[in-house]
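The structure under discussion appears below in the form of structure tokens.
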Amino acid sequence: MGNIEAILQTASRASLVFLGAVGLFIVLRNAQFLLAPIFVAIILGLMFSPVATLMETRRIPPSISALAVVLLLLVIIATCVTLFALPLSVWIDRLPLIWRKLQFQITGWEPFFDSLSNLRDQLRDIAGQSSSMKVTVEEDSTVAQIAYIAPTIVAQVLLFLASLYFFIATRDRIRLSVLSLCFSRAAKLRAAHFFRDTERDVSAYLLSITFINAALGFAVGVVMFALGVPSPMLWGLLAFTLNYVIYVGPALMVVILLLVGIATFNTFPALLVPAGAYLGLNALESQFVTPHVLGRTLTLNPFFVFLALAFWLWLWGPVGGFIAVPSMLIIYAALRNALPMSQNQLFSRNNSPASGISRM
């Protein structure tokens, strides 16, 4: 009888955990408009916390240091937008040329696509389905779409800036409030270590990745300039930005540089050179530079990093891709301080040099 009661208690606890996870997922899925800017603000707040702490050690009030951090971030964003705007508009104007050259390159594959089309028609005939296909194009005004989306974007930006400011300005009070809820000395110690590890790990990861991405972007710009690719600064900035989203960002960068190669060069081997050069630089960064800079303390099991990336990308898109790894670091910090180390080694990497967070 005792065993049955223990099994029922375990099952009830597992059911509560499952229902809680389902409820959390539903909230994250349906409250993206509200939660996504707040999550990004917390992640960036942890990243810039050392900057605010450095100012506060010089007797600057937290409200002023938080405002300085927000203004610094706005200056960085405005600078990036300014550097992106002009060369990106030039390449947008060249999209019809890229499309024509892409069609010319695909012409050589026409027999292959014809054979695939014939095979598709044969399979539909066998299945008794009509080979005809109806395509309906719904016309919509671009101006109307922009007018509909613009207020949402403005509201999310304002929510993000306000959340970032208040998080940095009140981070110490938040920490003290949580510690006051812990009744035992051991619980307070674990909570204090969690806050310390979270701020240290997320800040160290994002700052390190920012410097690595900047070096990669500079190298990509120099290589594109040496190859004669127009607007080399644009591709360096794009490589810097997309590299924050591991796996997906570099893959998207390869596709973009492949299109750039099609627009720039005429021969088939030459048009692959920009994308191939980027792949070489990315492999060097992901396999050697990133593991060396981050070290063993900030690396996670690549399988769980991939799962987190897939989950957050599916849930929140590019914003989810940005917060995937920092969220894993926060979860790992919580487990490291809540459980014995022998129970949370599953989330950490093994000791082989090849493991860790990589880009591709």
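The structure displayed is predicted, hence computed values, not measured ones.
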Going from [atom1] on [X] to [atom2] on [Y], what distance comes out if it is rounded to the nearest 0.5 angstrom?
X      : Y      : atom1 : atom2 : value
Leu206 : Leu44  : CG    : CG    : 7.0 Å
Asn337 : Phe195 : CG    : CZ    : 11.0 Å
Ile323 : Ile42  : CD1   : CD1   : 9.5 Å
Glu56  : Asp172 : CD    : CG    : 6.0 Å
Gln9   : Ile4   : CD    : CD1   : 12.5 Å
Thr79  : Leu237 : OG1   : CG    : 10.5 Å

Under 3.5 Å: donor-acceptor pair, side chain of [X], backbone of [Y]:
X      : Y      : answer
Asn243 : Ala239 : no
Ser180 : Ser177 : yes
Ser65  : Ile60  : no
Arg13  : Thr10  : no
Ser327 : Ala324 : yes
Ser184 : Ala187 : yes

Under the criterion side-chain contact (heavy atoms from CB on, under 4.5 Å), I'd like the reasoning laid out for Leu257 against Met253: C-alpha separation, chi angles, the key distance, then a yes or no.
CA-CA 6 Å; Leu257 287 179; Met253 190 66 193; 3.9 Å; yes

Which heavy atom of [X] sits nearest a heavy atom of [Y], and at what distance?
X      : Y      : result
Ala169 : Pro62  : O-CB, 3.6 Å
Leu238 : Ile256 : CD2-CD1, 3.6 Å
Ala277 : Met224 : CB-CE, 4.3 Å
Ile246 : Pro250 : C-CD, 4.3 Å
Phe240 : Ala214 : CD1-N, 3.3 Å
Leu315 : Gln32  : O-OE1, 3.8 Å

Just do the side-chain contact (heavy atoms from CB on, under 4.5 Å) check on Thr198 and Leu329 with the steps written out, would you?
CA-CA 7 Å; Thr198 298; Leu329 290 172; over 6 Å; no

Checking ring-ring contact (aromatic ring centres under 6.0 Å, His included) for the pair Phe25/Trp314: CA distance, chi angles, key distance, verdict?
CA-CA 12 Å; Phe25 167 76; Trp314 174 68; 5.5 Å; yes

Taking the side chain as every heavy atom from C-beta outward, state whether [X] and [Y] have any pair of such atoms under 4.5 Å apart.
X      : Y     : answer
Ser203 : Leu46 : no
Leu72  : Phe48 : yes
Phe167 : Ile38 : no

Any chance you could lay out the side-chain contact (heavy atoms from CB on, under 4.5 Å) test for Val178 and Phe194, step after step, and finish with the verdict?
CA-CA 11 Å; Val178 174; Phe194 164 72; over 6 Å; no

In this structure, are over 12 heavy atoms from other groups packed under 6.0 Å from [X] atom [atom1]?
X      : atom1 : result
Phe311 : CZ    : yes
Met55  : CE    : yes
Phe84  : CZ    : yes
Phe306 : CZ    : no

Please lay out, stage by stage, how Phe39 and Phe160 fare under the test side-chain contact (heavy atoms from CB on, under 4.5 Å).
CA-CA 9 Å; Phe39 273 44; Phe160 161 74; over 6 Å; no

Taking the ring centre of each residue, are Trp235 and Tyr278 less than 6.0 Å apart?
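No: the rings miss the under 6.0 Å criterion.
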
Does either side chain, that of Tyr244 or that of Thr210, offer a donor lying less than 3.5 Å from an acceptor on the other one?
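Tyr244 vs Thr210: donor-acceptor pair found between side chains.
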
Under a 3.5 Å cutoff, is there a donor and acceptor pairing between the side chains of Arg175 and Thr170?
no

Under 4.5 Å between side-chain heavy atoms, counting indirect links through other Ile/Leu/Val/Met/Phe/Trp/Tyr residues: same cluster for Val223 and Val255 or not?
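Different clusters: Val223 never reaches Val255 through Ile, Leu, Val, Met, Phe, Trp or Tyr contacts under 4.5 Å.
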
With a 4.5 Å cut-off on side-chain heavy-atom distances among I, L, V, M, F, W and Y, is there a chain of contacts connecting Phe288 to Leu281?
no

What I want to find out is whether Arg190 reaches Asp197 closely enough, with some N-O distance under 4.0 Å, to be called a salt bridge.
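Looking at Arg190 and Asp197, the cut-off is not met.
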
